[in-house]
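Below is one structure; the comments refer to it alone.
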Number of protein chains: 2
Amino acid sequence: MLTILKIGGKVLDSPSLLRAVLRDFSQVPGAKILVHGGGKTATQIADRLGIAAPLIAGRRVTSPEMMEVAMMVYGGLMNKQMVCELQALGIQALGLTGADLNVIQAVKRPVGEIDYGLAGDIVGVNAEILLGLLEQGILPVLAPLTHDGKGTMLNTNADTIASTVARAMAAHRPVHLVYSFEKAGVLLDAEDEDSLIRELRPADFARYQAEQRIVGGMIPKLSNAFDALEAGVERVYICHASALANWGKPEFVGTVIRR
Amino acid sequence: MLTILKIGGKVLDSPSLLRAVLRDFSQVPGAKILVHGGGKTATQIADRLGIAAPLIAGRRVTSPEMMEVAMMVYGGLMNKQMVCELQALGIQALGLTGADLNVIQAVKRPVGEIDYGLAGDIVGVNAEILLGLLEQGILPVLAPLTHDGKGTMLNTNADTIASTVARAMAAHRPVHLVYSFEKAGVLLDAEDEDSLIRELRPADFARYQAEQRIVGGMIPKLSNAFDALEAGVERVYICHASALANWGKPEFVGTVIRR
């Protein structure tokens, strides 16, 4: 089993919680890939550098200056801190952007109504390279950065990287994809952890959406999850980062998404 | 032949010169490792973030804040830009810090008269891992960052990384070590490129030092070079970054250091 964990949200802003998650993840048996998002640090560093994060029609746009911040914060600070802490746990971690070993190729998002700047839409995942690393006992740590093969780095959403890599790897290995963040899982009421949906199947998702009980940012996350299942990923989990401490045990709390 | 190129100094501050150097290096036949320094960007970013680069008794000290800047600029911005440009040249580049794949282990420099902060003294180079990468046709791009194996990243001089890696690899492969920067090579008069020393052997170095004709920052660089030769590195070159365009040709200009 290959377990692909995406860490995002507020977990990345708490060094002690992040350390605990890395420790729990290091205990998960089998081959593993870690994908991390950005957290607040990139925005904070941009603020301190006097770089405005441009919004066009309410959508975040990656200017050249913001791209440099993304490379610094995602590719440098966060990625290397995680690699370093995983190494201290005895894990042979290797930090990667899409440019390293050419693992994730992308194109600059085509300009339609909005020019998203240096946002990258993934066009290819080099599954053979990742498989080769896993066979050598290496744990790839993927930053949310891709490249266009022509010398330009691009900014790509970490959820999308996790889902796209999971789909590419599912052709070769059984894959579990885990989205961890600061909520217990998919909640029918965002303010009430007791409203957790323990198990979700495509028909449930369609119904909850029709009833407008699943809304907002959870919809693209779940669409990513169902896309991954259709492409052969065995299960997708959405859970609190601390739930990894109970991975594989009956005490595990989170949403399991199955076909 | 394994060619280890260190790029440093002002070359890193000029995107067009850096691009030319990467293109020339990509044409050098055989296995290759690239080591890069920091250039001015780290100091500039630290300035813009309002972080003072502390100096104690005239020596630069790595505070925790400066270490974060080093991780961002060396491990993120510069390393990833180089990897991305090498990939565009068709080179299977992989950016690494010492923590990635545990390639370079260090200890925090012991506190004597000065506490250098998060400065790392190298205690081990994982030559087997680097050899394995080279055998897969991969070009490692090493940032001047190491780790202590306990979860802490450390700042290590790029010249020292290049020399230490060259020595470790020389036990397995014939190695040429190239220090490139913005001067033509070792000059007897820093202001006069015509005073270039074309060839330097240990006895010459001792004599030039005694005559005080080689002084300042060139002495540790040359000491590193002679240490590398003693440890089995075949030749050390010190040259202008643009001299790589004539690598292996009679037109090549630079200082060759031999036993």
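All values below come from the heavy atoms of this structure, side chains included, with hydrogens, waters and symmetry mates left out.
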Applying side chain to side chain contact (heavy atoms under 4.5 Å, CB included), can you list everything that pairs with A:P220, at least two apart in sequence or on another chain?
none
Quick check for you: to the nearest 0.5 Å, what is the distance between B:C84 atom SG and B:L22 atom CG?
10.5 Å
Engaged part of B:L94 at the chain A interface, taking heavy atoms whose separation is under 4.5 Å:
both
What closest approach, in Å, do A:M82 and A:V141 show between heavy atoms, and which atom pair accounts for it?
CB-CG1, 4.5 Å
Considering residues at least two apart in sequence or located in another chain, which fulfil the side chain to side chain contact (heavy atoms under 4.5 Å, CB included) criterion with B:A243?
B:C239, B:F252
So, the part of A:L139 with a heavy atom under 4.5 Å from chain B: the answer is neither
Heavy-atom proximity to chain B below 4.5 Å, by part of A:L49
both
What option among A:I138, A:L101, A:L145, A:I129 has the most heavy-atom pairs under 4.5 Å with chain B?
A:L101
Working to the nearest 0.5 angstrom, can you tell me the gap between B:I33 CD1 and B:L96 CG?
9.0 Å
State, to 0.1 Å, how close A:L118 and A:P64 come at their nearest heavy-atom pair, and which atoms those are.
CD1-CA, 3.8 Å
For A:M169 and A:L131: C-alpha separation, side-chain torsions, deciding distance, then whether side-chain contact (heavy atoms from CB on, under 4.5 Å) applies.
CA-CA 8 Å; A:M169 298 305 282; A:L131 281 169; 3.8 Å; yes
Highest number of heavy-atom pairs under 4.5 Å with chain B among A:G98, A:A93, A:A143 belongs to A:A93
By side chain to side chain contact (heavy atoms under 4.5 Å, CB included), A:A46 pairs with (sequence neighbours left out) A:I51, A:M66, A:V69
Nearest heavy-atom contact between B:A166 and B:L177 is CB-CD2, 4.0 Å
Most chain A-contacting option - heavy-atom pairs closer than 4.5 Å, from B:G151, B:A70, B:G50, B:G132:
B:G151
Can you tell me which portion of A:I91 sits under 4.5 Å from chain B's heavy atoms? Options are side chain, backbone, both or neither.
neither
Counting distance alone, with no hydrogens or angles, which donor-acceptor pairs between chain A and chain B are under 3.5 Å?
residue	atom	partner	partner atom	Å
A:R48	NH2	B:L49	O	3.2
A:L49	O	B:R48	NH2	3.2
A:K80	NZ	B:D100	OD1	3.2
A:K80	NZ	B:D100	OD2	3.0
A:Q81	NE2	B:G151	O	3.4
A:Q87	NE2	B:A99	O	3.1
A:Q92	NE2	B:L101	O	3.1
A:A93	O	B:L101	N	2.9
A:G95	N	B:D100	OD1	2.7
A:A99	O	B:Q87	NE2	3.1
A:D100	OD1	B:K80	NZ	3.2
A:D100	OD1	B:G95	N	2.7
A:D100	OD2	B:K80	NZ	3.0
A:L101	N	B:A93	O	2.8
A:L101	O	B:Q92	NE2	3.1
A:G151	O	B:Q81	NE2	3.4

